[in-house]
K.L.:
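I'd like to ask you about the structure that follows.
Along the sequence shown, residues are numbered consecutively beginning with 1.
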Amino acid sequence: MGTIGSNPSEKASDRNASAAPEPAAAPQPDAPRDAEAETEAATVPTAAIPTDAPAADAPASAAEPDPNAAPEPPASAKRKRLKRLAIALIVALVALLVIGAAVMFVAKSFTEQEKAVRSDWSVETGDLLANNEELGVSLFDADIDSMLRVVRIVPTGSNAVGFTYYDTEVQDRLAQAVTGLQQCGINWTASNPLAILNPFGTGANGLYLYFTTDRSTQVTYTVSAEGTADFTRTARDIGIDQEIQLDENGCTNVHSFQIIGLVPGKENHVTLTVTGPRGGVTQKVEFTVDMPETDSGYPTQLESADGESTAELSDGLYALMRTNGYLGYGFFFDNDGTMRYEMVTEGFGLDRMLMDEDDAIVCTSTQAISRIDGLGRVKAAYRLDGYDLHHDINYGPDGTVLALAEVQGRETVEDVVLEVGLETGEVTELIDFSALMADYKDAFTHPIGATDTFFWQAGEWDWIHLNSIQYLEEDDAIIVSSRETSTIMKVADTHGAPQVEWFAGDDGVWAGTPYEGLTLEQAGDFTPQYGQHSVEYDGEGPTEGSYYLLMFDNNYWASSTRDDFAPNLEGTDVGTDLYSGTASYVYRYLIDEQAGTFELVDSFAVPYSSIVSNGSHAPDSTNYVVNSGVANIYGEYDESGELIRQFSYICQLQGYRAFKDSFAGFWFAS
C-alpha cells in the first residue's frame with residue numbers, strides 16, 4: 001500500500017525542479033530517437049531539452065559522452081510517462097477497490113442467505129381430484145408411478161407471498177383434510193391404504209399411510225431400491241385428531257405413520273409386514289413407488305471410505321444440518337450414505353434436534369423455532385420477533401428451550417441468550433453478553449474491518465461469537481462457547497443476577513482485562529482449545545463439583561475484533577489459515593470447579609476445519625460422530641478415536657453440524 005499510495009509524479013517533478021537547466025543541443029545524428037519525444041520537442045522550450053554536450057561548468061576531467069548513446073528523453077516526455085504510470089496505478093487501485101467491494105458483496109450475500117425465508121413452496125402435482133373451499137385445500141393426484149393410489153394435499157394460497165407451511169393454521173387445515181380422507185367411507189386396509197405424499201409440506205420424500213386392521217398389530221416396513229442397501233424400520237403410529245392407544249406390546253388396530261427411507265429419484269420396492277402381539281406375521285403387502293427427485297437438488301448418495309477401525313457403526317441416521325448452498329433443508333443419511341429423508345424448512349438450518357414428548361424441536365428459520373411430530377406436522381411455531389437465531393438451541397429449564405441469538409439491526413452480533421417457553425410461546429431475553437461483559441467489549445474490542453480475517457462480517461461487532469450453549473439446571477448456569485476468544489465460559493444465576501463464574505482456555509486472552517484471573521488453571525501439558533465449537537456436557541466427573549465437557553477443537557486461532565493480543569503458538573500445530581491446517585481434534589475436558597482446574601483427559605485428531613463443526617456421541621453407543629465442516633466430511637469413530645467410516649458431502653464452503661440419532665419414539669417405534 002505504501003508503494004501504491006506514494007506520488008511518483010510529485011517526486012519526479014521535485015527532481016526536475018532542482019536540476020539546473022542546460023543549453024539546448026541537437027542530438028547526435030546516429031543516435032536513436034524517441035518518436036514521441038521528437039514530436040514534443042517542437043512545443044517544449046529548448047532550455048528544457050537535455051543535451052549530450054557537457055555542461056559549461058562541468059569539470060575538464062569529466063568523461064566524454066558516448067556518441068552512440070541514446071539521448072535522455074525530454075522532461076515533458078518523462079512527465080507524460082510518469083502521468084501514465086500514475087494513471088495506471090490509480091486504475092489498479094480502483095480495480096482493487098472494485099474487486100474488494102465485489103468480494104465484500106459476495107461475502108455479505110453469502111452470509112445473508114442464512115436469514116432468507118423460503119418464498120417458493122410450489123410442488124409438482126397431477127390431476128386435480130377435489131377442492132374443499134371450507135378447509136382451503138385441494139386434493140391432487142401425486143403424479144408418481146406407484147402400485148398405490150398416492151395423493152397430495154395442497155393448501156389454497158400456497159403460491160401467495162408470505163405463505164409458509166410453518167403456520168399452525170395451515171397445518172390444522174391439512175390435518176382436517178387428512179382426517180376427512182380417513183373417514184371418507186373407504187375401507188382403508190394394509191393392501192389398500194390411504195397414501196399421501198408429504199402430507200404436511202415439511203418432508204419432501206415422506207409417504208404417509210393410514211389403514212386399520214381387524215386386531216391389534218404392529219407394522220414393520222422394508223424399503224429396497226437398486227444400488228442401495230435394504231432399509232427396515234418398525235413404524236411408529238401417530239394419531240392426527242386423537243392419540244392412538246398402543247397396547248403393552250406396542251400394537252394397535254389403527255395405523256397412521258410416515259414411511260421414512262424412500263430414496264428420492266428411484267423406484268422403491270416397499271414391503272409391509274404386519275405382525276401380531278406375539279410377533280407372528282398376519283399379513284404381508286408389497287408395492288412399488290417411484291419417488292420424485294430431491295426437492296433441494298441434493299445428491300441422494302454420499303461418497304464414503306472405511307477407516308482402520310473394525311468396530312460396528314451405531315444404529316441410526318446421520319442428520320446433516322445447515323449445509324450452505326442448501327439452506328432450508330435437513331438431510332438424513334443411513335450408514336451407507338443413502339439419503340432417507342429430506343426435511344423442508346422455511347430457511348436457515350436445523351442447528352440441532354431436541355426431542356420433547358416424542359416431538360422434535362428445531363430451528364426452521366433464523367426467526368423461528370418449531371415443534372414437529374413424526375408425521376411432519378408443525379404443532380407449534382415460536383416466532384422470535386426482533387431477534388435472529390444463530391448457531392445453537394438446547395434444553396433449558398423444564399418446558400423451555402435456550403437459544404443463541406442476536407438483536408436485529410444492532411451493531412453487536414451473536415451475543416444474546418433467549419429463553420422460549422414451549423407451552424406459552426413466550427420469548428424472553430435471558431442474557432445480553434454485550435451488557436454483561438461491557439467492560440471488556442467496550443475497552444478491548446472493535447467492529448470487524450474489511451481487511452480482518454472474518455472480513456465478510458465487516459461492520460459487525462462480533463466480539464464474542466457464541467456458538468454453543470448448555471444449561472446446568474442444578475446451578476441455574478449456562479456453559480457457552482465463545483469462538484472469538486477461544487474460551488469456554490460458565491455464567492451462573494442466569495435467572496437471577498447473571499455473573500461470569502469461570503473461563504477455560506488460553507489465560508493470555510484475558511490478561512490485563514477486568515476478567516484476568518477467572519480462567520481455570522490448566523492441569524497438565526497440552527495445547528488448549530482454539531476456535532472451539534459445540535461444547536457439550538458429557539457426564540459427571542470423579543469428584544464433587546467436577547464434570548466432563550466434550551467439544552470440537554477447531555485448533556484454529558483468529559481474532560477480528562482485537563489487535564492487542566496474539567497467543568504464543570510456537571511448538572503447536574494450531575492453524576491460522578482458514579483452509580489449511582494440520583488437524584482439528586475432539587477434546588474431552590475434566591472441569592474441576594473445586595480445584596479450579598481444567599484437564600484434557602481424551603482427544604483424537606480429525607480432518608482440519610477452521611470454523612463450524614461438531615463432535616458428539618452416537619446414540620446408545622461409545623462411538624463418536626464428528627463433522628469437519630470446512631473439509632466437508634463427517635465420520636463415525638470408535639471409542640478410542642479410530643475412524644470407522646467417513647462420508648464426503650457437497651456444500652458451499654461449509655456444513656455446520658452432523659448428528660446421529662436412532663429416532664426411535666419419533667419416526668420409529670421405541
K.L.:
Would you verify whether the NZ or CZ of Arg588 falls within 45 degrees of the ring axis of Phe604 while also being under 6.0 Å from that six-membered ring's centre?
P.N.:
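Judged by the rule, Arg588 and Phe604 form no cation-pi pair.
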K.L.:
For the CG atom of Asn554 and the OH atom of Tyr530, what is their distance to the nearest 0.5 Å?
P.N.:
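Here the rounded value is 13.5 Å.
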K.L.:
Restricting to side-chain hydrogen bond (donor to acceptor under 3.5 Å, both in side chains), what partner residues turn up for Thr576, sequence neighbours left out?
P.N.:
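For Thr576, no residue satisfies side-chain hydrogen bond (donor to acceptor under 3.5 Å, both in side chains) once neighbours in sequence are set aside.
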K.L.:
Please find out if less than 6.0 Å separates the ring center of Phe331 from that of Tyr649.
P.N.:
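That pair fails the under 6.0 Å test.
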K.L.:
If only atom types and distance count, is the side chain of Gln529 paired as donor or acceptor with the main-chain N or O of Ser486 below 3.5 Å?
P.N.:
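At least one qualifying donor-acceptor pair exists.
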K.L.:
State whether Asp172 and Arg377 are salt-bridged, where the test is any N-O pair (Lys NZ or Arg NE/NH1/NH2 against Asp/Glu carboxylate O) under 4.0 Å.
P.N.:
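Looking at Asp172 and Arg377, the cut-off is met.
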K.L.:
Is the distance between the ring centroids of Tyr537 and Tyr395 less than 6.0 Å?
P.N.:
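For Tyr537 and Tyr395, the ring centres are not under 6.0 Å apart.
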K.L.:
Quick check on the 6.0 Å ring-centre criterion: do Tyr341 and Trp667 meet it?
P.N.:
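Aromatic pair counts; centres sit under 6.0 Å.
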K.L.:
Run the salt bridge (charged side-chain N to carboxylate O under 4.0 Å, His left out) test against Glu169 and tell me which residues pass, sequence neighbours left out.
P.N.:
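In terms of salt bridge (charged side-chain N to carboxylate O under 4.0 Å, His left out), with neighbours along the sequence ignored, Glu169 is linked to Arg173.
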K.L.:
Charged N to carboxylate O below 4.0 Å: is that the case for Arg322 and Glu114?
P.N.:
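Answer for the salt bridge query: yes.
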K.L.:
Is any NZ, NE, NH1 or NH2 atom of the basic residue among Glu593 and Lys490 found under 4.0 Å from an Asp or Glu carboxylate oxygen of the other?
P.N.:
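Yes, charged N to carboxylate O under 4.0 Å.
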K.L.:
Is the shortest side-chain N to carboxylate O distance from Glu357 to Lys379 below 4.0 Å?
P.N.:
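A salt bridge is absent here (no side-chain N lies under 4.0 Å from a carboxylate O).
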K.L.:
Do Asp476 and Tyr471 meet the criterion of a side-chain donor-acceptor pair at a distance under 3.5 Å?
P.N.:
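Note: Asp476 and Tyr471 side chains meet the donor-acceptor criterion.
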K.L.:
Pairing donors with acceptors under 3.5 angstrom, does anything connect the side chains of Asp439 and Tyr515?
P.N.:
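A donor-acceptor contact under 3.5 Å links the two side chains.
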K.L.:
Between the side chains of Glu406 and Lys115, is the shortest nitrogen-to-carboxylate-oxygen separation below 4.0 Å, so that they form an ion pair?
P.N.:
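Counted as a salt bridge, because a side-chain N and a carboxylate O are separated by less than 4.0 Å.
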K.L.:
Between Thr412 (side chain) and Trp461 (backbone), is there a donor-acceptor pair under 3.5 Å?
P.N.:
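Between the backbone of Trp461 and the side chain of Thr412 there is no qualifying donor-acceptor contact (under 3.5 Å).
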K.L.:
Say whether, by atom type as modelled, one donor and one acceptor occur between the side chain of Ser628 and the main chain of Ser609 under 3.5 angstrom.
P.N.:
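No; judged by distance alone, with no hydrogens or angles, the pair does not exist.
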K.L.:
Is the distance between the ring centroids of Trp463 and Phe433 under 6.0 Å?
P.N.:
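No, ring centres 6.0 Å or more apart.
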